[in-house]
Amino acid sequence: MTPSPAAPLSPAHRLTSYVDALWDAVVSVDEYAAVRQALDAVDAGIPPEQVLLDVIAPVQHRVGEHWAANRMTVAQEHAATAINDRVVAALAHHRPAEESARRGRITVACVDGEWHALPARLLAEVLRLRGWQVDFLGAQVPAPHLIAHLHRTGPQAVALSSSIATRLPTAHAAITACQAVGVPVLVGGAAFGPDGRYARLLGADAWAPDARTAADFLAEGMPATTPPALGHQPVDDLPHLSDQEYSLVARTGPQLVKETLVRLEERFPAMRDYSVQQRQHTAEDLAHITEFLATALYTDDDELFSGFLVWTGSILTTRGVPAHSLYPALDALGEQLKDFPRARRILAHARRALDHGPDSGSSA
Amino acid sequence: MVKSSDTPPSTAPFPGIDAAWRSAPHPVLVTGPSGVVRAVNDAAALLFPGAAPGAALDDVLPRWLAEAHRRFTDPLRPGDAGPARGPAGDRSIEARPSRTEHGDVVWWLVDDTARRSAEDALRAERERTAFLAQASTELLASLNADRCTEVTARLAAQHLADAAVVIAPPSGRRLSVSFCGPDGEVVREKVLADPASVPGLAEALQGFPPVPSRWIDPAAVPEWVRPSSLGAIGSVAVTPLPGHGVAAGALILLRRSDQAAFHEREETFARLFAARAGAAMSAARLYAEQATITRTLMRDLLPPRLQQVSGVEFAGGYRASNDTDRVGGDFYDVHAGAGPEEESLVVLGDVCGKGLEAAVQTGKIRNTLHALLPLATDHQRVLHLLNGALLDSHHTRFATLVLASVARRGNTVRLRVTSAGHPAPLVVRADGRVEEADTRGSLVGALPEVTSRTAAFDLAPGESCLLFTDGITEASGGPLGDELFGDERLRSALSECAGMPAEAVVERIRMLAAQWVGNGRHDDMAVVAITAPRHAHPGAVDGATRGRCAS
């Protein structure tokens, strides 16, 4: 893959070679080599926006894939992300000084509890390149900070990023809060679904699948948001919340995990020999499962939960844990939630999805 | 078909009723189907003076009533017996038909002028109330002064006039003016103009009562007040925007020449709107002033942003116990050494208590330590002097802290760390082993004497030293909801951080602690990582030597 000096590379090949080189630097946690790759790419005439979105972003995407495939630990993922983040920073410093922002002001932030700041950071840099004045508030921004910032700066729009579906209830609160102070909200990130369905469900003013689309959309001008009526509640948008299943499951999460652990031990003899560490991991997995169940109750979307479960199954398989251990967990949850018709519907749907999932094997 | 109009009018079978009918207080009119008046009572005769028996309806009745008669008698549209309504002179009349046995039509007329005007007034009042409610909601939504001004101009242009201009209270030579024309777009401008050039504007900006619209000659309104899209101006109203005690600006309403002038009632209503808009704009301006003051005062209390200093990586992270706060009782600082060979001093500490008051105390400790920097080679002495300063102050809060003097020597980073009543720093080695720095000491600000023991050690490339507050280890939560994060979990998390850049170490620890507490309550949390970079750094990248940058 080493470019030969004789034959000039096609633009696409040039990008690929920079992606590979940056990837090598990032996995070896070599900040200087990584920064050099990005700056070289700019100096070689690749527009900075392309370096951000077609070199750095694909490397970050590959980091996620490697983590999912168990070829990278969470810690290594953090290290790689930190390096990528420095590359973005170096790129921002490298750029010749822009004239003052021409277009207006945009706030870019991650939902509270969202730690993956890089996608939002990339969008912030792209918007800066396109002449916006950008306030990048970073990862996990509590709604009170976000709103105080909006009152102070009065931006044209807020771009809100969230990658984990379990942040959707928090994202909903943030969207509503921004709209309540009259600022339209553009959302993006994996949490909102590949087709942006949860963005629509939660009443966001716009959704974008990637930074380029988001920047294009903002360039056209956000539509004015309709401020919610006084006393507006989440249940007004999501009437199914009135059955309280979401709040009860969300509130009693730890108890559900505890009780499920007890029931699993009765039903799944292998667990009795688990080490403290394995037990801890099981508890964490169960906590994730109940969180996703709560989120599926919030959105009233069976796919949200079953999608997560099938994905968890494949991750477990990758990590050498039998995925059929998920069935007794679903059963144990279902028994505890027998008075919760929506929860039972969602659990049953997930069970069927697991049956047909790639790694489900036979039902245990 | 027999024409009933050819038969003579029937005599009333009951003369008493006939007399009563004639003197009834409501107008009644009997008409033949072919369109002549057959009979009128006294009240109807007063209402329609020409309506004598035998007269043609079209000649003596208002058009609408003659039309209603035709509709009612139209054989092609049987059953169209709904009431008709229209004016008669200056009265409003409701007419209801009924048919006699002879085929005549009796029109029973009710004068509903008073009801109609009451209904009109009620509808107008409801519309105004709804508008004011909507205006209040929109105006109060944002505490941003520019947005409030924009909303004021837009609402006024849409509901009160053809165009509206909001003038902010003058400060300096230029006036801040927001125009909104019929298109609903708000344009903001700074204009070099004298408020006195608009009749009544200078007074309105001082909060004096408005000048009645009829006193203002539209021709006297200067060019800078007219949105170019509006065309010729027919009438102008100037209203103060009363704020909280002081004027929040003035509102100028403009109507085109072909539009009616402002009624007195409309001017009163504009003042009602202006009162709400002014209060909202004034609140937004107050909020902005307060926020600026808070930011200025808070600037020195916020945790600094850390970066590489003299070949050593520093990173820090902070989370206040309350999500609405940005500061609290935990703090950290990195004071860069005077030269690349000099030691940098890192401080991380925890003042007893939470919130703003604890943060103010951290500010005092941080300032005192800053002043003691020349003595930083001797940690014991620094702690002794700090202890004395805290005991002398009227504050009763004590603090625990860690001091670390850091300098790069070749590829390794040399540290001297001293704990004063604080959890001992942890060190992660290149192979993932985690060690606790061998330092102990008493807290500061409580006892007359402080004692402490300093530990010295080196970090090889890729190794990190982690300073943290007990907010991390005592974070309660986890999958079961009530477990402490604890030392063991912190050590095991740190063990995975071998070889990581300082920022990644800090982010990893912060993330794990944050996920551990979830939505639960927690104390202030602070961490600082001191890391020996894994890769040799070219001098050019390490241009910045400041440990603190403006945040």
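Reminder, nothing fancy here: chain letters follow the sequence lines and each chain counts from 1.
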Assess whether a salt bridge exists between [X] and [Y], defined as any Lys/Arg side-chain N lying under 4.0 Å from an Asp/Glu carboxylate O.
X         : Y         : value
Arg534(B) : Asp30(A)  : no
Glu138(B) : Arg154(B) : yes
Arg429(B) : Glu463(B) : yes
Asp431(B) : Arg433(B) : yes
Lys258(A) : Asp482(B) : yes

Taking [options] one by one, which has the highest count of heavy-atom pairs under 4.5 Å against chain A?
options                                    : result
Ala504(B), Ala291(B), Pro479(B)            : Pro479(B)
Met500(B), Arg295(B), Arg319(B)            : Arg295(B)
Glu483(B), Glu507(B), Gln515(B), Glu150(B) : Glu507(B)
Ala133(B), Ser142(B), Gly481(B)            : Ser142(B)

So which atom in [X] and which in [Y] form the shortest heavy-atom distance, rounded to 0.1 Å?
X         : Y         : answer
Pro155(A) : Thr107(A) : CG-OG1, 3.4 Å
Ala109(A) : Leu146(A) : CB-CD1, 4.2 Å
Ala165(A) : Phe292(A) : CB-CE2, 3.8 Å
Asn144(B) : Ala284(B) : C-CB, 3.8 Å
Ser162(A) : Val111(A) : CB-CG2, 3.7 Å
Arg408(B) : Gly311(B) : NH1-O, 2.8 Å

Where on [X] is there a heavy atom nearer than 4.5 Å to chain B: the side chain, the backbone, both, or neither?
X         : answer
Pro144(A) : side chain
His145(A) : side chain
Ala33(A)  : neither
Asp285(A) : neither
Glu291(A) : neither
Thr290(A) : neither
Leu261(A) : side chain

* Asked: If you measure from OH on Tyr298(A) to NE2 on His172(A), what distance do you get to the nearest 0.5 Å?
  ->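 It comes to 4.5 Å.
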* Atom pair OG/CE of Ser321(B) and Met525(B) - distance to nearest 0.5 Å ->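 Here the interatomic distance stands at 9.5 Å.
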* Asked: Do the side-chain N and O atoms of Arg489(B) and Gln280(A) include a donor-acceptor pair separated by under 3.5 angstrom?
  ->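 There is such a pair (donor and acceptor under 3.5 Å, judged by atom type) between the side chains of Arg489(B) and Gln280(A).
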* Side chains of Gln76(A) and His78(A): is there a donor and an acceptor less than 3.5 Å apart? ->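 No, no side-chain donor-acceptor pair sits under 3.5 Å.
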* **chain A neighbours within residues 516-524 of chain B, where any heavy atom lies under 4.5 Å away** =>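 So far as heavy atoms go, Trp516(B) are the residues that approach chain A to under 4.5 Å.
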* On the 0 to 90° scale, with breaks at 30° and 60°, tag the Phe308(A)-His288(A) ring pair as parallel, tilted or perpendicular. =>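 Phe308(A) vs His288(A) ring planes: tilted.
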* To do: Below 4.5 Å from any heavy atom of chain A, which atoms of Arg147(B) appear? Answer side chain, backbone, both or neither.
  =>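 Contact with chain A: side chain only.
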* Asked: Non-hydrogen atoms of chain A under 4.5 Å away: do they reach the side chain of Gln290(B), the backbone, both or neither?
  ->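 Contact with chain A involves no heavy atom of Gln290(B) at all.
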* **Winner by heavy-atom pair count (cut-off under 4.5 Å) against chain B, out of Ala139(A), Gly154(A), Ala287(A), Ala143(A)** =>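 When all of Ala139(A), Gly154(A), Ala287(A), Ala143(A) are compared, Gly154(A) has the most.
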* Contact winner vs chain B - Gly113(A), Ala80(A), Pro254(A), heavy-atom pairs under 4.5 Å ->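 Of the candidates given, the most pairs with chain B belong to Pro254(A).
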* To do: Check whether any side-chain heavy atom of Val528(B) lies under 4.5 Å from a side-chain heavy atom of Leu466(B), and answer yes or no.
  =>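 Val528(B) does not reach Leu466(B) side chain to side chain.
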* Asked: How would you list, in number order, the residues of residues 81-92 of chain A that have a heavy atom less than 4.5 Å from chain B?
  ->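 Residues of residues 81-92 of chain A touching chain B at under 4.5 Å: Ala82(A), Ile83(A), Arg86(A).
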